[in-house]
Amino acid sequence: MVLTRRDLLAGATASMTGGGALRAQDAPRLSLTAAAARSRRRFGAAVRPEHLAAERPFREAVLRDCGSITPEIHLKWDALEPTRGERRHGPADELTAFAGRNALALRGHALIWERSTPAWALSAMAREGWPVVAGHFEQTLGRYGAACGVWDVVNEPIDVRAPGGLHRTAFLDAFGPGYIARALHAAHALAPAARLSINDYGFDYENEEEQARRKALLGLVSSLKREGAPLHVVGLQAHLDLSKGPLKPAPLARFLAQLADLGVEIEITELDVKESRLTAPIEARDAAVAAETRRYLEVALDQPAVVSVTTWGLTDRHSWLPALGGRMQGGEAVATTPEGYNRGLPYDALWRPKPMYQALHQSLAASPLARA
Ligand code: G3I
């Protein structure tokens, strides 16, 4: 059965598994998307089509809480063209259809990311140059360009340990630092209505590396804008980490203001919280995760240029972050008990909303307006 948002809000939702789960009648009151809309913002989550198809509670949570979705894996180059010339569109088509049926916005993630570039393309690029990248853009944006309001054109370009501050990748090697502007222009030509983004992590905490990363990002954005590249959005992943915290509000606020002054919108694209004390009592763990989420959002949502918040998944069950005594399976950390998971997403592994959910909801609902 295909469940739509309308069915859900009309009360067609089945009871969710696990004690303390959200009740259907609470859904409209507690929806994260409704809370975000109060300040003209969007709330969303990263998803995989196989989870949407197999897990009804997940589908219901997405339909209730999300105004947008980001394909966690299936718009990446290695998912779309694992072997040269053999395109696999099934999972991405499923996601775009799901988004279309349910009036959800889609974030296109990500055209260029070294880690998700298939091996054949890494070597072909070195031999054949830009046409290899251009072919991928044409195919991907030709099919999905208009379906996504925003595209992460380059993911994770910054590395302050590398000379020049850019990650040493096959793209940098083949095309030099101009590859970022070139990619933005190419994407703009193929998807002229889309807002284009660079997306990166590690700008949150007051350690030397993250301070240097902020400076490098500001430098990169400022030079791209100066040279007229079509860059509209900067995606801040916000993979928070309790071993580095707590966050310091003032420098974070200053950084966001500097970014906004460069004339870009800011999206929080991959929010989650990596725990540091996985063996502590569960209440203390959940309280620490919620407090860090609140601290981050209070600063971020005070900045009018921040227009959306996306969490990297909705439930701990699907988190990519290490589980206690767990193992990795298909890009997810699998634990044997709900407590065993990293508890850095809004719902636990049995679909019960946690204090992080309340932190998101309250911060989103209470924040000043985003700029129109
Ligand atoms: O595709 C193979 C599949 O054929 C095989 O059956 C399966 C068996 O393990 O592995 C599959 O690939 C995995 C893929 O997820 C799909 O399940 C990869 O090994 C695994 O590395 C991949 O991980 C994803 C990773 O990006 C790389 O695409 C994570 O789930 C996803 O959370 C992560 O997301 C990134 C963002 O895109 C960028 N920012 C950091 C974030 C976390 O790393």
Side-chain angles (χ1 to χ4, degrees), residues 44-55 58 62 68-84 86-92 94-95 106-122 136 140 144 148 150-159 167 169-171 180 183 197-204 210 213 217 233-241 244 266-275 308-323 326-335 341-342 344-346 349:
V47 303
R48 300 193 195 181
E50 66 272 25
H51 294 152
L52 286 171
E55 300 175 33
F58 182 52
V62 168
S68 94
I69 54 173
T70 303
E72 184 182 352
I73 288 169
H74 295 99
L75 280 179
K76 293 171 182 169
W77 195 348
D78 59 352
L80 289 169
E81 198 177 3
T83 308
R84 192 168 200 176
E86 279 178 31
R87 304 272 307 174
R88 287 193 197 162
H89 293 127
E94 266 179 62
L95 282 179
L106 257 184
R107 290 197 87 261
H109 175 80
L111 287 167
I112 286 186
W113 184 27
E114 164 118 321
R115 258 193 64 197
S116 64
T117 306
W120 68 262
L122 293 171
H136 157 55
T140 303
Y144 304 110
C148 301
V150 56
W151 275 95
D152 291 331
V153 177
V154 180
N155 190 49
E156 303 179 11
I158 288 174
D159 178 359
H167 204 175
T169 63
F171 296 89
I180 299 175
S197 155
I198 51 179
N199 186 51
D200 214 328
Y201 66 92
F203 308 109
D204 316 307
E210 299 203 16
R213 290 181 61 83
L217 179 68
V233 175
V234 169
L236 302 178
Q237 295 184 3
H239 290 294
L240 305 183
D241 183 340
K244 298 182 185 167
I266 302 169
E267 302 203 18
I268 310 304
T269 52
E270 303 188 14
L271 178 66
D272 57 12
V273 184
K274 184 175 181 194
E275 292 187 80
S308 73
V309 175
T310 293
T311 48
W312 205 239
L314 275 180
T315 158
D316 298 335
R317 179 193 284 266
H318 302 155
S319 177
W320 67 289
L321 288 165
R327 64 198 150 80
M328 292 306 287
Q329 190 184 300
E332 285 174 27
V334 178
Y341 288 90
N342 184 87
L345 285 167

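Read the numbers this way: they start at 1 and go in the same order the structure lists the ligands and their atoms.
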Check: Is the side chain of Thr70 donor-acceptor paired with the backbone N or O of Glu72 at a distance under 3.5 Å, no angle test?
Finding: no
Check: Would you call Glu332 and Arg317 a salt bridge, using N to O less than 4.0 angstrom?
Finding: no
Note to self: Measuring from non-hydrogen atoms of His109 to any atom of ligand 1, is the shortest distance under 4.0 Å?
What the structure shows: yes
Check: Are Arg213 and Asp200 ion-paired here, with the side-chain N under 4.0 Å from a carboxylate O?
Finding: yes
Margin query: I'd like to know if Glu156 pairs up with Arg115 as an ion pair, taking the criterion as any Lys NZ or Arg NE/NH1/NH2 lying under 4.0 Å from an Asp or Glu carboxylate oxygen.
Written below: no
Next item on the list: Could you see which bit of Asn155 sits under 4.0 Å from ligand 1, with heavy atoms only: side chain, backbone, both or neither?
Entry: side chain
Margin query: Suppose we measure from atom 21 (O) of ligand 1 to each protein heavy atom; which comes out shortest, and what is that distance?
Written below: Arg115 NH2, 4.2 Å
Margin query: Starting from atom 32 (O) of ligand 1, what is the nearest protein heavy atom, named by residue and atom, and what distance separates them?
Written below: Glu72 OE2, 2.5 Å
Notebook entry, point to check: Nearest protein heavy atom to atom 6 (O) of ligand 1: under 4.0 Å?
Noted result: no
Margin query: Using heavy-atom distances only, which candidate in Lys76, His74, Glu270 approaches atom 33 (C) of ligand 1 most closely?
Written below: Lys76
Margin query: Starting from atom 35 (C) of ligand 1, what is the nearest protein heavy atom, named by residue and atom, and what distance separates them?
Written below: Trp113 CH2, 3.8 Å
Next item on the list: Could you find the nearest protein heavy atom to atom 15 (O) of ligand 1 and give me its residue, atom name and distance?
Entry: Ile73 CD1, 3.3 Å
Margin query: Distance under 4.0 Å to a non-hydrogen atom of Glu156: what atoms of ligand 1 satisfy this?
Written below: 38 (C), 39 (N), 40 (C)
Next item on the list: Please lay out, stage by stage, how Trp320 and His239 fare under the test ring-ring contact (aromatic ring centres under 6.0 Å, His included).
Entry: CA-CA 11 Å; Trp320 67 289; His239 290 294; 5.1 Å; yes
Checklist line | Exercise check, heavy-atom protein proximity under 4.0 Å to atom 29 (C) of ligand 1 | finding: yes
Next item on the list: Specify whether the nearest protein heavy atom to atom 2 (C) of ligand 1 is under 4.0 angstrom away.
Entry: no
Notebook entry, point to check: Hey, is atom 19 (O) of ligand 1 touched by any protein heavy atom at less than 4.0 Å?
Noted result: no
Notebook entry, point to check: Which value, rounded to the nearest 0.5 Å, describes the distance between Leu236 atom CG and Ser197 atom OG?
Noted result: 9.0 Å
Next item on the list: Could you label the plane-to-plane angle of the Trp77 and His136 rings as parallel, tilted or perpendicular, counting under 30° as parallel and over 60° as perpendicular?
Entry: parallel
Margin query: Could you check whether Asp78 and Ser116, counting side-chain N and O atoms only, form a donor-acceptor pair closer than 3.5 Å?
Written below: no
Next item on the list: Using a 4.0 Å heavy-atom cut-off, say whether Arg48 meets ligand 1 through its side chain, its backbone, both or neither.
Entry: side chain
Check: For atom 17 (O) of ligand 1, which protein heavy atom lies nearest, and how many Å away is it?
Finding: Gly330 O, 2.9 Å
Check: For atom 34 (O) of ligand 1, what is the nearest protein heavy atom, given as residue, atom name and distance?
Finding: Trp312 NE1, 3.2 Å
Notebook entry, point to check: What about the rings of Trp113 and His167, do their centers lie closer together than 6.0 Å?
Noted result: no
Checklist line | Non-hydrogen protein atom less than 4.0 angstrom from atom 12 (O) of ligand 1 | finding: no
Item checked: Heavy-atom donor-acceptor pair, Asp152 side chain to Ile198 backbone, under 3.5 Å -> no
Check: Among all protein non-hydrogen atoms, which one is nearest to atom 23 (O) of ligand 1, and what is the separation to 0.1 Å?
Finding: Gly331 CA, 3.8 Å
Margin query: Parallel, tilted or perpendicular, judged at 30° and 60°: which one describes the rings of His318 and His51?
Written below: parallel
